[in-house]
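Remarks on the structure that follows.
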There are 2 protein chains.
Amino acid sequence: MNEVLQYRLVIADDHPLFRGAMREAVSGLLERVDIAEAGTFDEVVELLERGGEVDLVLLDLAMPGVRGFSGLMYMRAQYPGVPVIVVSANDDPAAIRRCMEFGASGFIPKTLGVDAMRTAISRILGGGVWTPPDVDLAVGLDTEAAELIARMATLTPQQVRVLMMLSEGLLNKQIAYQLGVSEATVKAHVSAILQKLGVESRTQAVIAAAKIEAGHWPQNVAAEG
Amino acid sequence: MNEVLQYRLVIADDHPLFRGAMREAVSGLLERVDIAEAGTFDEVVELLERGGEVDLVLLDLAMPGVRGFSGLMYMRAQYPGVPVIVVSANDDPAAIRRCMEFGASGFIPKTLGVDAMRTAISRILGGGVWTPPDVDLAVGLDTEAAELIARMATLTPQQVRVLMMLSEGLLNKQIAYQLGVSEATVKAHVSAILQKLGVESRTQAVIAAAKIEAGHWPQNVAAEG
DNA sequence: GCCCATATTCGACTTTTGGCGAAACTACCG
DNA sequence: CGGTAGTTTCGCCAAAAGTCGAATATGGGC
């Protein structure tokens, strides 16, 4: 049946003003659209968990509760069917490239004009991908890092959860409790993670994960004062 | 003989031109001075290991073989008697403060003029400390990080070596082999490290160390109000 | 429906890790 | 010289981590 085109979007950004502007831009693009807003990563997860079908998430990686790419990785692992557009103030080509490697459907610099933004979103809603036309995606082609990201992309949803908990320094016992499974299960997941990442201990796994996260976000504007 | 004031300095920087300029500046300051240059961190260690007495090290933290503060930490742990001046292109007050917390005797921005540089060096050779006069050392006073650095400062030389090997993801067995001691000894060091850093596992120890290294000056965790 | 691939789960077993106590060595001080 | 404090060293034992094999969902495709 021909389903009225009722799109469901989620706009995730910690700046309310920007969320509003983004909502405005999208409203003009689509007639029937249900837009939810989230100011923290947990809110995004809650929306996806509860609300059911979502057609697109506009995600700012510099949000409370996310450090770097882990939010994107988590999202792609837990909800593989939901396209994610990364919206960021950072327009470093290497960062853009990395987002795409993590499975984003697009990357929208916050500096982008409304028109280009609409073009990008409609393209992605149609099933395609979109990145800023004027960046060289070959930049930052770090073989080692790229390969590691590719390996991380093969992790199952549960394994991604476990890897993040490893990166917090939790014991298998603690992870097991939080996930509501047995310790043996966690160990099995850890073993699978180690094999997929090509490392030999949990310590090496968190080091590898940290390398990906690290240092690709500009020195934050020392705006305090 | 009457103790000719024969100072021995080490200039450690990966830019030969800058090393030359620095050598020039110091030559004008001291009459009898033996200046050694190093382009990598390993060369610095070799000089200190072989040459014996060294009165001062001028260390650039952005050198091959060093990632962030670990070079300074290693140096202060292995050769506590040798004063270290950090020479860096970065003049972020928080970074300066962190260097001083790690036990540096001074911090010289590369932008500094020759005269001020000479003042700083002579002051430090006299046993004092020196930091740029116009920076607010109270900035970047991150309690958590500062406390962690203070804890790291209590590590013994051998413990520092072990901690760095932990951060490379090595097993106790591998560390033991490289240090030429038994595995039991390494475990004892690891236990001491965990206690001093206030963490509960080697994984948490490397996470803590990485937080300090990452240079990621305090990533603001949106505790706005 | 059945079948196949994958994800998730778990128990038994081996290896690694970490805590505890103690000996040897060093350095410094009265 | 003796004594005190700190570092380095090590063995023993309990806990945690990791491997292996296997049972149980889960989710398409034929």
Side-chain angles (χ1 to χ4, degrees), chain A residues 52-53 73-74 76-82 103 151-209, chain B residues 73-74 76-82 103 151-209:
Chain A
E53 307 303 315
M73 178 169 61
Y74 186 88
R76 292 300 302 163
Q78 304 300 321
Y79 317 99
V82 181
R151 289 164 184 261
M152 286 194 184
T154 71
L155 295 178
T156 69
Q158 195 78 322
Q159 286 165 4
V160 170
R161 285 205 195 97
V162 173
L163 176 56
M164 290 175 148
M165 294 183 182
L166 290 185
S167 294
E168 292 170 6
L170 298 179
L171 301 177
N172 289 337
K173 191 179 297 186
Q174 299 172 294
I175 297 174
Y177 178 76
Q178 286 193 25
L179 292 182
V181 299
S182 87
E183 199 177 332
T185 302
V186 176
K187 292 179 186 176
H189 284 309
V190 173
S191 287
I193 292 171
L194 299 184
Q195 198 169 7
K196 285 185 177 179
L197 296 192
V199 297
E200 289 173 345
S201 72
R202 66 165 48 209
T203 302
Q204 288 182 8
V206 315
I207 292 172
Chain B
M73 177 169 64
Y74 185 89
R76 292 300 300 162
Q78 304 301 321
Y79 317 100
V82 182
R151 289 166 184 261
M152 287 194 184
T154 70
L155 294 178
T156 69
Q158 195 79 320
Q159 286 164 4
V160 169
R161 286 206 195 96
V162 172
L163 175 57
M164 291 176 147
M165 294 183 181
L166 290 185
S167 294
E168 293 169 7
L170 274 58
L171 298 179
N172 289 339
K173 191 178 297 185
Q174 299 173 293
I175 297 174
Y177 177 76
Q178 286 192 26
L179 292 182
V181 299
S182 87
E183 199 178 332
T185 301
V186 176
K187 291 178 187 176
H189 285 308
V190 172
S191 288
I193 292 171
L194 299 184
Q195 198 170 7
K196 285 186 178 178
L197 297 192
V199 297
E200 289 174 344
S201 72
R202 68 167 45 210
T203 302
Q204 288 182 8
V206 315
I207 292 171

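In what follows, chains are A, B, ... by sequence order, proteins preceding strands, each numbered from 1.
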Short side-chain N/O contact to D:dT19 OP1/OP2 from A:Ser191, under 4.0 Å
yes
Sugar-phosphate only, base, or nothing, as touched by B:Glu183 at under 4.0 Å among non-hydrogen atoms
base
Is it the case that over 12 heavy atoms from other parts of the model lie below 6.0 angstrom from the CD atom of B:Gln174?
yes
Closest-nucleotide ordering on DNA chain D, the 5'-leading residue of B:Thr156 and A:Thr203
B:Thr156
Interatomic distance, A:Leu179 CG vs C:dA7 C1' [rounded to whole Å]:
14 Å
So if I take every side-chain heavy atom of A:Leu194 and compare against D:dT19, C:dT8, D:dC10, which nucleotide ends up nearest?
D:dT19
Where the side chain of A:Lys173 is concerned, which of D:dA16, D:dT8, D:dC10 is the nearest nucleotide?
D:dA16
Among C:dG19, C:dC10, D:dA17, which nucleotide has an atom closest to any side-chain atom of A:Ser182?
C:dC10
Does B:Gln195, at its CD atom, have more than 12 non-hydrogen atoms belonging to other residues, nucleotides or ligands within less than 6.0 Å?
no
Winner on side-chain proximity to B:Lys187, out of D:dA17, C:dG19, D:dT8, is C:dG19
Of the listed nucleotides (C:dT8, D:dT8, D:dC10), which one gets closest to any side-chain atom of A:His189?
C:dT8
When rounded to the nearest 0.5 Å, the distance separating CG of B:Leu166 from CG of B:Asn172 is 7.0 Å
Under a 3.5 Å distance rule, please check whether B:Gln204 uses its side chain to pair with a backbone N or O of B:Glu200 as donor and acceptor.
yes
Nearest-Å distance for atom pair CD/P, residues A:Glu200 and C:dT17
11 Å
Rounded to the nearest Å, what distance is computed from the CG atom of residue B:Leu170 to the P atom of nucleotide D:dA17?
19 Å
Starting at atom CG of B:Leu171, determine the distance to atom C1' of C:dT14, rounded to an integer number of angstrom.
14 Å
Can you identify which nucleotide, out of C:dT9, D:dT9, D:dG18, has its nearest atom closest to the A:Val190 side chain?
D:dG18
Identify, between B:Leu155 and B:Ser201, the residue whose nearest nucleotide on DNA chain D lies closer to the 5' end.
B:Leu155
Single hit among A:Leu163, A:Val199, A:Thr156 for side chain to side chain contact (heavy atoms under 4.5 Å, CB included) with A:Ile193
A:Leu163
Expressed in angstrom and rounded to an integer, what is the separation of B:Asn172 atom CG from C:dT17 atom P?
4 Å
Can you measure A:Arg202 atom CZ to D:dA17 atom P for me and round it to whole angstrom units?
4 Å
Below the 4.0 Å mark, does D:dT9 have OP1 or OP2 next to a side-chain nitrogen or oxygen of B:Gln158?
yes
Starting at CD1 of A:Ile175 and ending at C1' of D:dG18, how long is that distance when rounded to a whole Å?
13 Å
Just the rounded figure in Å: distance from P of C:dT8 to CG of A:Leu163.
14 Å
